[in-house]
Amino acid sequence: MQGPRPVVLSGPSGAGKSTLLKKLLKDYENIFGFSVSHTTRQPRPGEVNGKDYHFVTREEMQKEIDAGEFIEHAEFSGNMYGTSKGAVQAVQAQNQICVLDIDIQGVKNIKRTDLNPIYISVQPPSIDILEKRLRDRKTETEESLLKRLTAARVDLELSKEPGLFDLVIINDDLEKAYSELKEILLEEIKKTQESRKS
Ligand SMILES: Nc1ncnc2c1ncn2[C@@H]1O[C@H](COP(=O)(O)OP(=O)(O)OP(=O)(O)O)[C@@H](O)[C@H]1O
Ligand SMILES: Nc1nc2c(ncn2[C@@H]2O[C@H](COP(=O)(O)O)[C@@H](O)[C@H]2O)c(=O)[nH]1
């Protein structure tokens with residue numbers, strides 16, 4: 001695949017990946033592009049089809065997976081999620097740094113591809129704080145919240161594997177976490193900005 005080195009943001013649901021990503025996309029509008037995943041979960045209020053996710057049925061998604069159109073896909077908390085080749089290519093065609101927001105199964109699957117991204121895990125200061133953030137977000141039923149907390153515990157264990165991530169960010173103070181994110185991406189940002197001048 002062509003273009004600047006992509007970035008994978010992973011970590012438990014509720015750790016703050018989307019919050020950090022939104023800041024990055026706002027501050028570096030034309031530098032980063034979001035890889036729009038497919039999912040079979042229902043849209044949340046305010047989510048836009050084609051922008052936040054491609055919202056599809058299980059049948060539609062399975063058909064595209066069988067046709068070889070996905071780089072990776074996983075079952076998470078009772079729904080399917082996946083990164084299509086088209087989602088990454090659409091960003092790379094703009095010569096932007098492609099950012100993928102994916103779970104830890106996705107990370108392991110991407111490791112088997114030639115995408116060669118920078119791998120970053122965003123983690124909460126504690127499980128209790130994660131639970132509070134998920135509850136306060138008001139996007140989950142009690143059932144899905146408990147599933148996400150179970151997945152979070154697994155995620156935090158698996159993330160300890162040496163070398164799996166290039167950087168682990170503990171998202172306690174948002175501005176501090178954002179500074180750490182920008183710091184590791186600085187070189188790629190500069191390269192992309194320079195390439196725009198030539
Ligand atoms: N540093 C922080 N301090 C306090 N609240 C935060 C912080 N970072 C994020 N939040 C809040 O926590 C909630 C979860 O954040 P966010 O939706 O970004 O998580 P996520 O990792 O993208 O979750 P998911 O994987 O489910 O999409 C949001 O309501 C967000 O406003
Ligand atoms: N393996 C993949 N995981 C993905 C993808 N897109 C999102 N995700 C992860 O799913 C959970 C839940 O997301 P939510 O929007 O329902 O809260 C979260 O951890 C995401 O990182 C994907 O394409 N592949």
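Just so you know, ligand 1 is whichever comes first in the structure, and atom 1 is the first atom listed for that ligand.
Contact analysis leaves His73 out of contact with ligand 2, as no non-hydrogen atom separation drops below 4.0 angstrom. Taking a 4.0 Å cut-off on heavy atoms, Arg44 registers as neighbouring ligand 2.
Residues Asp155 and Ser159 have side chains that bring a donor and an acceptor to within less than 3.5 angstrom of each other. If you check the side chains of Ser121 and Gln123, you find a donor sitting under 3.5 Å from an acceptor.
When each of Glu69, Lys85, His73, Glu59 is tested with Glu64 by the rule side-chain contact (heavy atoms from CB on, under 4.5 Å), just one qualifies, namely Glu69. Exactly one residue among Gln105, Arg112, Lys111 makes a side-chain hydrogen bond (donor to acceptor under 3.5 Å, both in side chains) with Asn109. That residue is Arg112.
Contact annotation for Lys17 and ligand 2: only side-chain heavy atoms (C-beta onward) come within less than 4.0 Å of the ligand. Contacts between Arg41 and ligand 2 below 4.0 angstrom, taking non-hydrogen atoms only, involve the side chain exclusively. Only the side chain of Glu72 comes within 4.0 Å of ligand 2, judged by heavy-atom distances. Of the heavy atoms in Glu47, none comes closer than 4.0 Å to ligand 2.
Residue-ligand proximity, Phe76 to ligand 2, at heavy-atom distances under 4.0 Å covers atoms 11 (C), 12 (C). The contact set between ligand 2 and Gly82, taken as ligand atoms under 4.0 Å from a residue heavy atom, comprises 22 (C), 23 (O), 24 (N). Distances below 4.0 Å separate heavy atoms of Asp101 from the following atoms of ligand 2: 4 (C), 5 (C), 6 (N), 7 (C), 8 (N), 20 (C), 21 (O). Heavy-atom proximity to Arg148, at under 4.0 Å, picks out these atoms of ligand 2: 12 (C), 14 (P), 16 (O), 17 (O). Taking every heavy atom of Ala74 and a limit of under 4.0 angstrom, the matching atoms of ligand 2 come to 1 (N). Of all atoms in ligand 2, numbered sequentially from 1 with element shown, those under 4.0 Å from a heavy atom of Gly106 are 1 (N).
Annotation: atom 23 (O) of ligand 2 to nearest protein heavy atom, Ser37 OG, 2.6 Å. Closest to atom 13 (O) of ligand 2 among all protein heavy atoms lies Tyr53 OH, 3.3 Å. From the protein, the heavy atom lying nearest to atom 9 (C) of ligand 2 is Asp103 N, 3.7 Å.
At a 3.5 angstrom cut-off on N or O pairs, Ser13 does not count as close to ligand 2.
Considering only residues two or more places apart in sequence or on other chains, Asp52 meets the side chain to side chain contact (heavy atoms under 4.5 Å, CB included) condition with Glu47, Val48.
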Tabulate below the donor-acceptor pairs under 3.5 Å that side-chain atoms of residues 22-30 make, not counting sequence neighbours, or state none.
| unit_1 | atom_1 | unit_2 | atom_2 | d |
| --- | --- | --- | --- | --- |
| Lys23 | NZ | Glu175 | OE2 | 2.9 |
| Asp27 | OD2 | Tyr178 | OH | 2.6 |
| Asn30 | OD1 | Gln96 | NE2 | 3.1 |

Under 3.5 Å, sequence neighbours excluded: what are the donor-acceptor pairs made by side chains of residues 128-135?
| unit_1 | atom_1 | unit_2 | atom_2 | d |
| --- | --- | --- | --- | --- |
| Glu131 | OE2 | Arg135 | NE | 3.1 |
| Glu131 | OE2 | Arg135 | NH2 | 3.1 |
| Lys132 | NZ | Asp136 | OD2 | 2.5 |
| Arg133 | NH1 | Asn171 | O | 3.0 |
| Arg133 | NH2 | Asn171 | O | 3.0 |
| Arg135 | NH1 | Glu142 | OE1 | 3.0 |
| Arg135 | NH2 | Glu142 | OE2 | 3.1 |

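Side-chain contact check for Val7 versus Cys98: every heavy-atom pair is 4.5 Å or farther apart. Side-chain contact between Leu100 and Leu9: absent, with no pair of heavy atoms (C-beta onward) separated by less than 4.5 Å.
Protein neighbours of ligand 1 below 4.0 Å, counting non-hydrogen atoms: Pro12, Ser13, Gly14, Ala15, Gly16, Lys17, Ser18, Thr19, Arg133, Arg137, Arg148, Asn171, Asp172, Leu174.
Between His54 and His38, the two ring planes are tilted [angle within 30° to 60°].
In the displayed structure, Glu75 atom CD is contacted under 6.0 Å by more than 12 heavy atoms of other residues, nucleotides or ligands. At most 12 heavy atoms of other shown residues, nucleotides or ligands fall within 6.0 angstrom of atom CD in Glu183.
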Verdict with reasoning, Lys197 to Glu194, per salt bridge (Lys or Arg N to Asp or Glu O under 4.0 Å): CA-CA 5 Å; Lys197 289 181 195 157; Glu194 283 304 315; 3.2 Å; yes
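No donor-acceptor distance shorter than 3.5 angstrom exists from the side chain of Arg5 to the backbone of Ile97, with no hydrogens or angles considered.
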